[in-house]
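Notes follow the structure.
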Amino acid sequence: MAPTQYVYNRGWPYFIGVCGSYADQYQKALEIFPEMKKVDLCPNTITYSTLLVASEKKDDLDVGLMLLSHAKKDGVAPNLVMCRCLLAMCSRRFQKACTLGEPVLSNNSGSLQLDSKWTSLALMVYRETIGAGVVPTIEELSLVLGCLQLPYDASLKERLVEHLGLTVETSKGSNLCSLIDGFCEYDPRACSLLEEAASLGIVPLTSFKGSPIVVDVRNLHIHAAQVYLLTVLKSLKHRLAAGAKIPNISILLPVEQSHIQTPTGEKTIKIAGRINRAVAALLRRLGLPYQGNESFGKIRINGVILKRWFQPKLESPFSWQQTGFSFSQTQLRKGISHQQRTIRTGDLSLD
């Protein structure tokens, strides 16, 4: 039976669905797609969703983007399935680029910024999904946040610190991550996305009224959990700059159990899952000590330690004033200081 006749007899959504469900039929589904247009059969959301699921299984991003383009022309708005498939393929490519050491940063505007085509694609798909009136879930949010994570590279942190124009007192063991937007872990846009997600009800809002502040990441995915914590730290940093007292933080983590055999019989123990380990690793990279064991589902950060972390010791006696400023503001202060020094020395050349 000819493919077109098959479509008429059983319905094109059925045929596309059957072909898209099996890897060896993936190409056949793509071949029948243009034939639908020839006989004035307009693909709908089911068609595009099914084909995108198949393209994601084959990790064929080019076809996925082609389908998204056709969907726009046919007036089919992206749904959660389409968004999730495209974000997953972008995320895999971004993670691979970071692992292989490919350049994902640029210095075009005078500051180091995340500049990856996979990140740009992920943000575009995420934005278009929200623009279509669809509220993403925590899964889509975590995928796009993963495309905004900076590579784990000590030299990268050094470069970010160098752009601040500050010198740390190495004898004090200070950490300048707290002075950098995104804390050397994520692109600053990640916190903005998280704040938007909170306004949409995707992640819970954190109350800053009580003490300790409770940060509940038990139902979040890894990237969402990390950025959620970083966003809380960002808010506390601003509150400290405004003169507010920094309270303790309690971080609630999911509790996982495992059964082991002992000489006295089977025993149940608590273990640290992937989210727990990811949050603990984040705090270690930031240089933020915590109390408790992540395996037991709760850890605590002391407010006094957090305040010191926000205000690292610098060589200049006046450099504490800069701790409340972002990277761009610090660069502006450097430029003004240079101009003032030039005027005082009488060097008014244009060089």
Side-chain angles (χ1 to χ4, degrees), residues 1-23 25-94 116-148 189 192-203 224:
M1 183 181 296
T4 304
Q5 187 63 38
Y6 189 96
V7 169
Y8 278 123
N9 290 347
R10 300 298 301 273
W12 53 264
Y14 174 83
F15 181 78
I16 291 291
V18 171
C19 291
S21 300
Y22 299 95
Q25 299 295 318
Y26 171 64
Q27 192 60 40
K28 184 180 291 185
L30 294 179
E31 291 172 358
I32 201 68
F33 180 74
E35 288 194 32
M36 294 168 52
K37 299 288 188 74
K38 293 178 182 179
V39 295
D40 295 327
L41 291 173
C42 186
N44 61 9
T45 303
I46 298 175
T47 310
Y48 284 111
S49 298
T50 304
L51 287 173
L52 271 164
V53 168
S55 67
E56 194 269 328
K57 289 180 180 178
K58 298 287 288 186
D59 199 26
D60 196 340
L61 181 58
D62 291 336
V63 168
L65 294 173
M66 179 270 291
L67 291 169
L68 179 64
S69 177
H70 279 291
K72 292 179 185 177
K73 294 177 182 178
D74 291 335
V76 177
N79 59 18
L80 288 180
V81 174
M82 298 163 64
C83 175
R84 189 182 309 123
C85 292
L86 290 167
L87 290 179
M89 289 188 281
C90 290
S91 177
R92 284 197 288 267
R93 283 157 176 76
F94 177 77
S116 166
K117 63 179 179 180
W118 311 123
T119 299
S120 300
L121 280 174
L123 289 172
M124 178 201 72
V125 172
Y126 187 79
R127 279 279 143 243
E128 290 185 357
T129 303
I130 294 180
V134 179
V135 178
T137 68
I138 192 64
E139 185 175 353
E140 290 80 46
L141 174 64
S142 194
L143 283 170
V144 74
L145 290 177
C147 294
L148 288 166
R189 290 171 291 180
S192 299
L193 285 177
L194 197 289
E195 291 167 350
E196 178 191 42
S199 69
L200 294 173
I202 303 173
V203 296

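This is a predicted model, so every value here is computed, not measured. In this chain, residues are counted from 1 in sequence order.
Not counting sequence neighbours, the partners of Thr137 by the side chain to side chain contact (heavy atoms under 4.5 Å, CB included) test are Leu80, Glu139, Glu140. Under the salt bridge (charged side-chain N to carboxylate O under 4.0 Å, His left out) criterion, Lys72 pairs with Glu128, sequence neighbours left out. Remark: Thr129 pairs with no residue by the side chain to side chain donor-acceptor pair (under 3.5 Å) rule, at least two apart or across chains. For the salt bridge (charged side-chain N to carboxylate O under 4.0 Å, His left out) test, residues two or more places apart in sequence or in another chain that qualify with Arg189 are Asp187. With sequence neighbours left out, Glu195 forms a side chain to side chain contact (heavy atoms under 4.5 Å, CB included) with Thr231, Lys234. For Ala197, the side chain to side chain contact (heavy atoms under 4.5 Å, CB included) partners at least two apart in sequence or on another chain are Leu141, Ile202, Val203. Applying the salt bridge (charged side-chain N to carboxylate O under 4.0 Å, His left out) rule to Arg92 yields the partners Glu56, Asp59; only residues at least two apart in sequence or on another chain are considered. Annotation: side chain to side chain contact (heavy atoms under 4.5 Å, CB included) contacts of Ser142 (sequence neighbours excluded): His221, His223, Ala224.
Ser55 places a side-chain N or O within 3.5 Å of a backbone atom of Leu52 that can act as its donor or acceptor partner. Judged purely by atom type and a 3.5 angstrom limit, Thr119 uses its side chain to pair as donor or acceptor with the backbone of Cys147. At distances below 3.5 Å, at least one donor-acceptor pair connects side-chain atoms of Ser199 with backbone N or O atoms of Glu196. Formation of a donor-acceptor pair under 3.5 Å by the Asn79 side chain with backbone atoms of Val81 is found in this model.
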Apply side chain to side chain contact (heavy atoms under 4.5 Å, CB included) to Met89 and Val125, showing your working. CA-CA 11 Å; Met89 289 188 281; Val125 172; over 6 Å; no

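Once rounded to the nearest 0.5 Å, the distance linking CG of Leu121 with CG of Leu86 reads 9.0 Å. The distance from atom CG of Leu67 to atom OG of Ser49, rounded to the nearest 0.5 Å, is 10.5 Å. Here the straight-line distance linking atom CG of Leu143 with atom CZ of Phe94 works out to 13.0 Å at 0.5 Å rounding. Going from atom SG of Cys83 over to atom CG of Leu68 covers 9.5 Å, rounded to the nearest 0.5 Å. Within the model, atoms OH of Tyr126 and CG of Leu193 stand 6.0 Å from one another, a figure rounded to the nearest 0.5 Å.
Minimum heavy-atom separation, Ala122 to Leu87: O-CD2, 3.3 Å. The shortest non-hydrogen separation linking Val76 to Pro43 is CG2-O, 3.9 Å.
A 4.5 Å side-chain heavy-atom check between Leu51 and His70 finds every atom pair outside the cut-off. In this structure, the side chains of Arg127 and Ile130 come closer than 4.5 Å at one or more pairs of heavy atoms.
Put simply, the residue from Asn44, Thr50, Thr45 that forms a side chain to side chain donor-acceptor pair (under 3.5 Å) with Thr47 is Asn44.
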